[in-house]
Amino acid sequence: MTVQPPTHSNKLSTVDAVVIGAGFAGLYMVHRLRVMGLSLRAFERGSDVGGTWYWNRYPGASSDSESWVYSYSFSDELLQGWEWSRRFPGQAEILRYLGYVADRLDLRPAFDFGTTVTGASYDPEQALWTVETDTGERVRTAYLITAVGCLSSTQVPDIPGIDRFEGDCFHTGAWPHEEVDFSGKRVGVIGTGSSGIQSIPIIAESAAHLTVFQRTSQFSVPAGNRDISAQEQLDLKRDIKQIREKCKWTSIGHPYEFRNVGAFDVSPQERLAQYEADWQKGGFEWMFGSYNDLMVNETANATAAEFARAKIRDIVRDPEVARKLTPEGYPIATKRLPLDTNYFATYNRDNVELVDLRESPIEEIVAQGVRTSAQTHELDILIFATGFDAMTGPLTKLGIRGRGGVALGDKWSAGPQTYLGLCTVDFPNMFMITGPGSPSVLGNMPTAIEQHVDWICDCITHLREQGASAIEPQQDAETSWGEHVNELANGTLFPQTNSWYLGANIPGKPRVFMPYIGGFGTYRKLCDEIAADQYRGFRIG
Ligand code: N01
């Protein structure tokens, strides 16, 4: 593999490109830009590579994408040189994988670690961005590329007394590097999204007592995690290229086969048998590989929801606890569906207690624990599994100001406006990897990331070949794209439910469905067509 040596030095004040973030997106972006021969600086607030997997070290943290697709596909050498041990890899293994990639491509020297970007402003006269960091650096760059992830801005709810708690307090998305010892401890977890559902069973195994504070009961599907056998490893090595090619063109960036039938095209018996067979396999295929109308037809969705509810009632022994855990009132999978290992069975343990916050809301946090309207729950450790300011949060907090000094956060005060989720008007030459308005979080992230990085690199190459100094969407293209993204979302069941997809988890955030739901393959084809059509909808100058 040919890789140029890092092209920056600390004295360099003007470079071709600045990349923010050292997760899946930032690593691949830096690699591509270096191979293209661009000078660059790259900043990462963590002390090493990893992004999501650097920060989310909570017990049980694991990918919900199968390991063989949760990796880069751009290099055969990388693909063949790595073996995953599990169907769904845990955080530590993914972090090791990203370290392996960074080593093989010698990417670490390109990054300034422990460095947070605090602002960036655009000078239209020079067509240059000036990027500022918390280490006092100012770097001028033609291209500003954000690789900050979609779920990296942690959200801690504004609960009265939050600073008064005298025990240890953690957020799943900013977990300490040292192991947290739960043995003999009374632990509380607030939140039952993916992070809560992954961590609760593991914490319960060692804590003296675990109290789960649940506001909305969640559907969850068994992961069916397991070791990858020696034979499977051989098969994967042989077939991986075709598997990865397939991911590029499916609707969610996974290689699942979609059955082209609706839930009512088959008999109730056949439907149930299918749900059961897929449930036993584990993973997202249960929901997204079964019937093609589950996310658009409420009645069809209800058949899957009822199947999942029945599973909870089967697993949880105490009928009252089962009732509290059983989701009602919203279609299944309109909140991001978690995959779990023993989540519902954990509530059969004697040391686990479920507090239904709909019945007894949290009133305040006190020195000894959490006080609800019913009682005080005394705790030694309090964990916030309360999620993220998704998609826009990681971008708006960078302090980026475009033409005329307009702040990105102000431009997006009524919701994100982008063209293809890649660029936004008044922010020329700024590229957002998996930005709002692109498929991103609706499927396998590495598939989405590689497509965006490749598209951005082709675009930069085009600009350089044309001698063009800047690219920016045209206003009407951006407006139409926003309308299209909304229209597609409104044709589904997603807008019915309060979820982070809509920003509904952040008080005051505009309620806008942020990802593009038209499918990864369709989106890729469209991006390619737009590029081939002289970057239709963009102004190049
Ligand atoms: O966050 P969430 P997450 N009082 O927003 C509750 C990805 N991910 O970190 O539903 C009480 O989903 C909130 O309750 P409610 C994945 O895409 C991926 O779990 O708003 N409770 C909810 O239960 C995922 O979807 C993986 O009523 C409060 C929980 O906190 C996304 O990250 C692993 C509250 C937040 O759930 C986010 O998941 C983990 C309050 N004031 C995460 N405020 C993998 O696949 C919030 N809640 C790798």
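Side chains are part of it too, since the values below use all heavy atoms of this structure and drop only hydrogens, waters and symmetry mates. This structure is a prediction, so every number in the text was calculated from the model and none was measured. Whatever order the structure lists ligands and atoms in, that order sets their numbers, starting from 1.
For the residues Pro157, Gly191, Ala385, the heavy atom positioned nearest atom 35 (C) of ligand 1 is part of Ala385. Proximity annotation for atom 36 (O) of ligand 1: of Gly193, Ser152, Cys150, Gly193 comes nearest, heavy atoms only. Which of Gln198, Arg336, Arg215 comes nearest to atom 4 (N) of ligand 1 through a heavy atom is settled by distance: it is Arg215.
Using a 4.0 Å cut-off between a side-chain N of Lys or Arg and a carboxylate O of Asp or Glu, Lys311 and Asp314 do not qualify as a salt bridge. The pair Arg349-Glu205 does not count as a salt bridge, with every side-chain nitrogen at least 4.0 angstrom from each carboxylate oxygen. Ion pairing of Glu378 with Arg186 is present here, as a side-chain N (NZ or NE/NH1/NH2) and a carboxylate O approach within less than 4.0 Å. In summary, Glu359 and Arg323 engage in a salt bridge, as defined by a charged side-chain N under 4.0 Å from a carboxylate O. With respect to Asp64 and Arg336, a salt bridge is recorded, a charged nitrogen being found less than 4.0 Å from a carboxylate O. Remark: Asp103 engages Arg108 in a salt bridge, criterion side-chain N to carboxylate O under 4.0 Å. A salt bridge is absent between Asp356 and Lys324: the closest approach of a Lys/Arg side-chain nitrogen to an acidic carboxylate oxygen does not fall below 4.0 angstrom.
Contacts with ligand 1 closer than 4.0 Å are made by side-chain heavy atoms of Phe388 only, the backbone lying farther away. Contacts between Gln214 and ligand 1, counted as non-hydrogen atom pairs separated by less than 4.0 Å, are absent for every part of the residue. Neither the backbone nor the side chain of Tyr70 comes within contact range of ligand 1; no heavy atom lies under 4.0 Å. Neither the backbone nor the side chain of Ser65 comes within contact range of ligand 1; no heavy atom lies under 4.0 Å. Contacts with ligand 1 closer than 4.0 Å are made by heavy atoms of both the backbone and the side chain of Thr216. For Asn498, no heavy-atom contact with ligand 1 is shorter than 4.0 Å.
Of the protein's heavy atoms, Lys335 NZ, 2.7 Å lies nearest to atom 10 (O) of ligand 1. Looking from atom 44 (C) of ligand 1 to the surrounding protein, the closest heavy atom is Ser62 O, 3.2 Å.
When only interatomic distances are considered, the shortest N/O to N/O separation between Asp64 and ligand 1 falls below 3.5 Å. Considering backbone and side-chain N/O atoms, Trp53 never comes within less than 3.5 Å of an N/O atom of ligand 1. Some N or O of Ser194 is nearer than 3.5 Å to an N or O of ligand 1, by distance alone. Close N/O approach between Trp500 and ligand 1 is found [any backbone or side-chain N/O within under 3.5 Å]. By the 3.5 Å distance cut-off applied to N or O atoms, Ser195 is counted among the residues near ligand 1.
Every atom of ligand 1 with a heavy atom of Leu357 under 4.0 Å away is listed here by number and element: 11 (C). Close approach to Tyr58 involves these atoms of ligand 1, each under 4.0 Å from a residue heavy atom: 33 (C), 39 (C). Which parts of ligand 1 touch Ile190 is read off a 4.0 Å heavy-atom cut-off, strictly below it: atoms 11 (C), 21 (N). The distance from ligand 1 to the heavy atoms of Leu151 drops below 4.0 Å at these ligand atoms: 7 (C), 17 (O), 31 (C), 32 (O). Applying the 4.0 Å criterion to heavy atoms of Thr192 picks out, from ligand 1, the atoms 22 (C), 23 (O), 29 (C).
The aromatic rings of Tyr330 and Phe219 lie perpendicular to each other, with more than 60° between the two planes, well past the 30° mark. Ring-plane geometry between Tyr58 and Trp175 is classed as perpendicular, the angle between the planes exceeding 60 degrees on a 0 to 90 degree scale with a lower cut at 30.
In this structure, Arg104 is not positioned above the aromatic face of Trp82 in the sense of NZ or CZ being under 6.0 Å from the six-membered ring centre and within 45° of the axis.
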Quiz item: Step by step, would you call Glu364 with Arg164 a salt bridge (Lys or Arg N to Asp or Glu O under 4.0 Å)?
Solution: CA-CA 10 Å; Glu364 62 173 340; Arg164 256 182 274 151; 3.3 Å; yes

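No option in Ile449, Ile145, Ile20 other than Ile145 meets the side chain to side chain contact (heavy atoms under 4.5 Å, CB included) test with Met29.
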